[in-house]
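Data first, discussion second: the structure below is written as structure tokens.
Because the structure is a prediction, the values reported are computed rather than measured. Per chain, numbering begins at 1; letters A, B, ... match sequence-line order.
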Amino acid sequence: MPTPVRTRFAPSPTGYLHIGGARTALFNWLYARKHGGNFILRVEDTDEARNTEEARQAIFSSLEWLGIDWDEGHEAGGDCGPYFQSQRQDIYATWFKKLQDAGRVYEDDGAWRFRFERKPITMQDLVCGEVTIDYTDESNTPDMVVRRSDGSFVFHFVNVVDDLEMGLTHVIRGEDHLMNTPKHLQLFEAFGKVPPAYAHIPLILNADGSKMSKRDTGAAVHEYPDRGFLSDAVINFIALLGWSPKDDSEIFPLSELIERFSLEGINRSPSRFDWDKATWMNQQHLLKLPPESFAEAGLPYLQSAGMETPDNFTLMAKSVQEKVQLLSEVPEAIRFYLGEGVEFDPPALEKLSGNEAAPKLLTVLAENFRALPDWTSPKDAIATSAEAEGLKPGKLMFPLRVALSGKTGGPDLGDILSILGRDESIRRIEQTIATLQDA
RNA sequence: GACCCGUUCGUCUAGUGGUUAGGACUCCGCCCUUUCACGGCGGCAACACGGGUUCAAGUCCCGUACGGGUCGCCA
């Protein structure tokens, strides 16, 4: 029986969660979920000067938003704790002692360096294949500091100790760690332990090919919900940045992503961030949402836009579900329903003014709307009016749309009529007629 | 600079010696439609370059160029 898979995400809390970090977390998480293993969240907070509590919280909340949950770590417990490196000093001291006893470390300026074995180190990377780094040349690979002069331990050392103590089977991390791997391998060897399997994934670049850094658009995970993204869409998008299902499918629910994920599908070359495609992908996920869920998801954006929640918001939202790409577009998309009267988009009014028959048609429409016994099927009045004028119903649609919404595009007319109600619909038609006559 | 990893349409990618080099985003055209959007159809557009190996190379080898990464008592 194979040993159960154990993977981890090990952020250091020095800033918000970066999109590249999120993808690293995602791949580790997917791999664990796919193989029924455990995904561990370990906080690498050994650099006291740069760690902040806000950063810690930002990372947790971004992971939670993405739906990347952990089986061991902060608030999840687990048998290999503590999961904060700042609380593992005695564990490190114990392992450091082993290095000392084995004569593998020596003091240098108050710090302790690990003596590398001077030989070529070959790794079998699950993504990069066989990579050999020659440690024979000392000038290229000076012995590394594992313990600082202030007694604290350095990244390479704690990372390896934790990976072995926590029984990690697979380490999926950014390619920026590829050159660190021989160092880690040497440490494992010195401890007489079997290292995990490594998979180094290529980095994510900006649209222009430059390195994506803190301030770049799209870099911070927390800005995605603000911009109106669904977490599933972000997950889907970053999964496809550097990983391919090897066929033409692109839109995946999380469950399918887990099922289909594999290390073999990971690319070797860095990929660029494409905001247009991310937006399109969000729209695809929005389209798949049940209408009620869509309305619910759009609700918070009303507040951000400074709008009150209208009584029939759910209906309004449903009417624009396939019109928006981002949830943040919902407030603007439904704004025309609100208040009394219409506000015209200049191009819409201009087009309507060009139609000399418009005032007459609108007058007839208003009459027929009034004549309707009830408002269960307001579109009937359009057919009636068209017949009276000897026109196809289509001829009335556009003037009516502009009269009701002030726009050239938007939801289905039937939806608009029923959401607006009879009184408001007639009011807007009359207002439009008046505006047309003034002009 | 040294050492590593890479290079298929503008972008994300499929492609593991024989393909009209496929899909997606973007852009353009058409269709659907009361509008917009969705959807459908079609178009533009790629194997970085130079040498090999081979009957045959996007696919294998070498070099060059370009991009990325790493060279800390950061992680």
Starting from P on B:C25, measure out to CG on A:L287 and report it in whole angstrom.
13 Å
Round to a whole Å and report the spacing from NE2 of A:H156 to C1' of B:C74.
9 Å
Identify each atom pair where a protein N or O and an N or O of nucleotides 17-23 of chain B are less than 3.5 Å apart, giving names and distance.
none

To the nearest Å, give me how far apart CG (A:D415) and C1' (B:A37) are.
13 Å
Protein-nucleotides 2-7 of chain B N/O pairs under 3.5 Å:
from	atom 1	to	atom 2	distance (Å)
B:A2	O2'	A:N140	ND2	3.2
B:C5	O2'	A:R268	NH2	2.1

Atom P, compared across B:C47 and B:C27: separation rounded to whole Å
24 Å
Mind checking the P distance from B:C12 to B:U34? Whole angstroms is fine.
40 Å
Rounded to whole Å, please give me the gap between CD in A:Q284 and P in B:C12.
20 Å
Contacts of A:F153 and A:M397 projected onto RNA chain B by closest heavy atom; the upstream (5') one is A:M397
Side chain A:R272 and base B:U11 donor-acceptor under 3.5 Å:
no
Reading RNA chain B from 5' onward, which residue's closest nucleotide shows up sooner: A:W280 or A:D143?
A:W280
A:F157 ring center within less than 6.0 Å of A:W95 ring center
no
Can you tell me the distance, in whole Å, between the CG atom of A:L205 and the P atom of B:G10?
17 Å
Rounding to an integer number of Å, can you tell me how far A:N355 CG sits from B:U35 P?
15 Å
So does A:S249 get a backbone contact from the side chain of A:D247, meaning a donor-acceptor N/O pair under 3.5 Å?
yes
Euclidean distance for P, B:G52 against B:U11 (whole angstrom):
30 Å
Which one is paired to B:C60, where only Watson-Crick or G-U wobble pairs with both distances under 3.5 angstrom count?
B:G52
Rounded interatomic separation in angstrom, taking CG from A:D274 and C1' from B:A24
10 Å
Going by purine N1 to pyrimidine N3 plus the second Watson-Crick contact, or the G-U wobble pair, all under 3.5 Å, which nucleotide sits opposite B:A2?
B:U70
In terms of heavy-atom contacts, does CD of A:E107 have more than 12 from other residues, nucleotides or ligands at under 6.0 Å?
yes
Donor on one side chain, acceptor on other, A:N368 and A:S385, under 3.5 Å
yes
Expressed as a whole number of Å, how far does the C1' atom of B:A45 sit from that of B:C9?
5 Å
Residue matched to B:C27 through Watson-Crick or wobble contacts both under 3.5 angstrom
B:G43
Under 6.0 Å between ring centres: does that hold for A:F273 and A:W275?
yes
Closest non-hydrogen contact found for A:Q431 with A:V342 is OE1-N, 2.9 Å
B:U35 pairs with, by Watson-Crick or G-U criteria that keep both distances under 3.5 Å
none
Does a side-chain N or O of A:N267 approach OP1 or OP2 of B:U13 to a distance below 4.0 Å, or not?
yes
Would a line drawn from the ring center of A:Y224 to the ring center of A:F237 be shorter than 6.0 Å?
no
Round to the nearest Å and state the distance from A:F273 atom CZ to B:C12 atom P.
12 Å
Can you tell me the base-pairing partner of B:A75? Count Watson-Crick or G-U wobble geometry only, both distances below 3.5 Å, and say none if there is no partner.
none
Does OP1 or OP2 of B:A75 have a side-chain N or O of A:T46 closer than 4.0 Å?
yes
Between A:F27 and A:F261, does the ring centre distance come in under 6.0 Å?
yes
Between side-chain atoms of residues 139-147 of chain A and protein atoms elsewhere (two or more places apart, or another chain), which donor-acceptor pairs fall under 3.5 Å?
from	atom 1	to	atom 2	distance (Å)
A:S139	OG	A:D137	OD1	2.8
A:S139	OG	A:D137	OD2	3.4
A:T141	OG1	A:R118	NH1	2.7
A:T141	OG1	A:D137	O	3.0
A:D143	OD1	A:F116	N	3.0
A:D143	OD1	A:R118	NH2	2.8
A:D143	OD2	A:Y106	OH	2.8
A:R147	NE	A:G151	O	2.8
A:R147	NH2	A:G151	O	3.3

Using the C1' atom on both, measure B:C44 against B:U26 and round to a whole Å.
12 Å
Determine yes or no for a side-chain-to-main-chain donor-acceptor pair under 3.5 angstrom, with A:S377 supplying the side chain and A:K379 the backbone.
no
